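Contents: one structure, followed by commentary.
The shown structure was predicted, so the numbers you read here are calculated from the model rather than taken from an experiment. Just the heavy atoms: all of them, side chains too, but no hydrogens, waters or symmetry mates, feed the values below.
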Amino acid sequence: MGLRVEAGLWLFLAARHRRDEVWLSYDGTSSLGHVVESAGVPLTEVGSLVVSGPEAGSLVVGGSEAGSLVVGGREVTPSYRPQAGEVVRVLGVRRPQPVPVQRFLLDVHLGTLARRLRLVGVDTAYENDLDDDTLIVRANDQRRVLLTKDRGLLRRRSLWLGAHVRGLRPEEQFGDVLERFAPSLAPWTRCVACNGVLAPVSKEDVESALRPGTRRSYDAFARCPACGRVYWHGAHGARLDAVVQEARRIVSAATPRK
């Protein structure tokens, strides 16, 4: 059987398979989902699977991320069992991707990304000591989308919903998540340390915890009820403002115009 994997998904393929069409040996019994994942592409990254016969072919107009139109072929589910000579077009998830909830759980390697998402008000759970089994259980129990770079974790059948995070640097990963999910932003409302929702607090209530220079220079404060951390718009405010502005720009560009 043949696979025509959208170019945006080639990063998951072995180098020898990064071309317009790949022909793979097929045992006649495995599901299409198994074949696609065996080729390297997690099903969490697949938006649709379009099957055509060896002669019919299929054409995709516009690309899946822009809202695709499939001409020829038929869309099937991952449980479909291909027939001899069929060709399958593997299309990526459309962006922005609708999800039942905009709550996320990040794996242990994405701590900087977690802090940036919390900075812009995205509900982001993260702990640096959770093993894979615990991540799956917590994502399922709390109905959070698991964000990870671990393809094996995304292939766990017990995981209710997950996504691969693209990019090596935190700013690339941040942009990828915002573009993919276009979450609602509420900057400066969450604790970057523990994800708690911040509450305004008077200067008098936190004055004993402030350094003399901070007491003299600032008057507006917030505190995390969960961990007690105190926040104010301090010396690093301009740098963090730039992060917030970039987040707003990315989400605005990713959100379809009504």
Legend entry - Arg156, CZ atom: more than 12 neighbouring heavy atoms under 6.0 Å: yes
Legend entry - Nearest heavy-atom neighbours spanning Arg229 and Cys191: CD-SG, 4.1 Å
Inset, instruction - State the CD1-OG1 distance between Ile250 and Thr255, to the nearest 0.5 angstrom. - result: 11.5 Å
Legend entry - Contacts of type side chain to side chain donor-acceptor pair (under 3.5 Å), residue Asp150, not counting sequence neighbours: none
Legend entry - Closest non-hydrogen atom pair between Arg118 and Ala193, with its separation: NH1-O, 3.1 Å
Inset, instruction - Could you grab the distance from atom CG of Leu91 to atom CD of Glu6, nearest 0.5 Å is fine? - result: 5.5 Å
Legend entry - Pair listing, salt bridge (Lys or Arg N to Asp or Glu O under 4.0 Å) test, anchored in residues 235-254, at least two apart: Glu246-Arg249
Inset, instruction - Mind checking the CZ-CG spacing from Arg19 to Leu13? Nearest 0.5 Å is all I need. - result: 10.0 Å
Legend entry - Heavy-atom check, side chain of Val90 versus side chain of Leu9, under 4.5 Å: yes
Legend entry - Side-chain donor or acceptor of Asn128 paired with backbone N/O of Val108 under 3.5 Å: no
Inset, instruction - Flag the pair Val88 / Val50 as yes when at least one side-chain heavy-atom distance between them is below 4.5 Å, and no otherwise. - result: no
Legend entry - Donor-acceptor pair between Tyr80 and Glu86 side chains, under 3.5 angstrom: yes
Legend entry - Distance (rounded to the nearest 0.5 Å) between Ser158 OG and Ile136 CD1: 5.0 Å
Legend entry - Gln173 and Arg166, any side-chain heavy atoms less than 4.5 Å apart: no
Inset, instruction - Would you mind checking if Arg138 and Glu127 are paired as a salt bridge, meaning a charged N to carboxylate O distance below 4.0 Å? - result: yes
Legend entry - Separation between CD of Glu21 and CZ of Arg4, rounded to the nearest 0.5 Å: 4.5 Å
Legend entry - In one Ile/Leu/Val/Met/Phe/Trp/Tyr side-chain cluster, 4.5 Å: Phe221, Leu198: no
Inset, instruction - Inspect the surroundings of CG in Asp20 and state if more than 12 heavy atoms from other residues, nucleotides or ligands are less than 6.0 Å away. - result: no
Legend entry - Donor + acceptor pair across side chains of Gln142, Arg144 (<3.5 Å): yes
Legend entry - Phe181 versus Gln97, closest heavy-atom pair with distance: CE2-OE1, 3.6 Å
Inset, instruction - Please state whether the rings of Tyr218 and Trp232 are parallel, tilted or perpendicular, taking 30° and 60° as the class boundaries. - result: tilted
Legend entry - Side-chain touch Leu146/Leu135, heavy atoms, less than 4.5 angstrom: yes
Legend entry - Expected output: side-chain Lys203 to main-chain Arg215 donor-acceptor under 3.5 Å: yes
Legend entry - Closest contact, heavy atoms only, Pro42 versus Leu154: CB-CB, 4.1 Å
Inset, instruction - Taking the side chain as every heavy atom from C-beta outward, state whether Ser184 and Gln102 have any pair of such atoms under 4.5 Å apart. - result: yes
Inset, instruction - Compare every heavy atom of Arg190 with every heavy atom of Val122, then report the nearest pair and how far apart it is. - result: O-CD, 3.6 Å
Inset, instruction - Count the heavy atoms of every other residue, nucleotide or ligand shown that sit under 6.0 Å from NE2 of His17, and state whether that count exceeds 12. - result: yes
Inset, instruction - For Leu119 and Leu240, run side-chain contact (heavy atoms from CB on, under 4.5 Å): C-alpha distance rounded to whole Å, both residues' side-chain angles, the deciding distance at 0.1 Å, then the answer. - result: CA-CA 8 Å; Leu119 172 67; Leu240 298 178; 4.0 Å; yes
Legend entry - Side chain to side chain, Trp188 and Val120, heavy atoms closer than 4.5 Å: no
Inset, instruction - Check step by step if side-chain contact (heavy atoms from CB on, under 4.5 Å) holds for Phe104 and Tyr126. - result: CA-CA 9 Å; Phe104 301 94; Tyr126 168 82; over 6 Å; no
Inset, instruction - Verify, without hydrogens or angle tests, whether Thr189 (side chain) and Ala186 (backbone) share a donor-acceptor contact under 3.5 angstrom. - result: yes
Inset, instruction - Work out which heavy atom in His233 is nearest to a heavy atom in Gly237; give both atom names and the distance. - result: CE1-CA, 3.7 Å
Legend entry - Approximate separation, where rounding is to 0.5 Å, of Arg143 CZ and Trp160 CH2: 5.0 Å
Inset, instruction - Answer yes if Leu24 and Val51 sit in the same cluster of Ile, Leu, Val, Met, Phe, Trp and Tyr residues linked by side chain heavy atoms under 4.5 Å apart, and no otherwise. - result: yes
Inset, instruction - Please check if the side chain of Tyr26 supplies one atom and the backbone of Gln83 the other of a donor-acceptor pair under 3.5 Å. - result: no
Inset, instruction - Examine Leu153 and Phe12 and state if one hydrophobic cluster contains both, with Ile, Leu, Val, Met, Phe, Trp and Tyr joined whenever side-chain heavy atoms are less than 4.5 Å apart. - result: no
Inset, instruction - Give the cluster check for Leu159 versus Val177: same hydrophobic cluster or not, with ILVMFWY residues linked at side-chain heavy-atom distances below 4.5 Å. - result: no
Legend entry - Criterion side-chain contact (heavy atoms from CB on, under 4.5 Å) on Trp10 and Val5, from CA distance to verdict: CA-CA 7 Å; Trp10 283 10; Val5 179; 4.1 Å; yes
Inset, instruction - Using the rule that two of Ile, Leu, Val, Met, Phe, Trp, Tyr join whenever any of their side-chain heavy atoms come within less than 4.5 Å, decide whether Leu43 and Val35 are in one cluster. - result: yes
Legend entry - Side chain to side chain, Leu161 and Pro100, heavy atoms closer than 4.5 Å: yes
Inset, instruction - Answer yes or no: is there an ion pair linking Arg157 with Glu37, defined by an N-O contact shorter than 4.0 Å? - result: no
Legend entry - Side chain to side chain, Val36 and Pro78, heavy atoms closer than 4.5 Å: no
Inset, instruction - Using the side-chain contact (heavy atoms from CB on, under 4.5 Å) rule, take Arg103 and Val145 through it: C-alpha gap first, then chi angles, then the decisive distance, then the call. - result: CA-CA 6 Å; Arg103 296 195 301 270; Val145 182; over 6 Å; no
Inset, instruction - Could you tell me whether a side-chain N or O of Thr134 sits under 3.5 Å from a main-chain N or O of Leu130, the two making a donor and an acceptor? - result: no
Inset, instruction - Among Arg180, Lys149, Arg151, find the residue that satisfies the salt bridge (charged side-chain N to carboxylate O under 4.0 Å, His left out) test when tested with Glu45. - result: Arg180
Inset, instruction - Determine, for Arg81 against Asp27, whether the closest basic-nitrogen to carboxylate-oxygen distance falls under 4.0 angstrom. - result: no
Inset, instruction - From the options Arg116, Arg169, Glu179, select the one residue that forms a side chain to side chain contact (heavy atoms under 4.5 Å, CB included) with Phe174. - result: Arg116
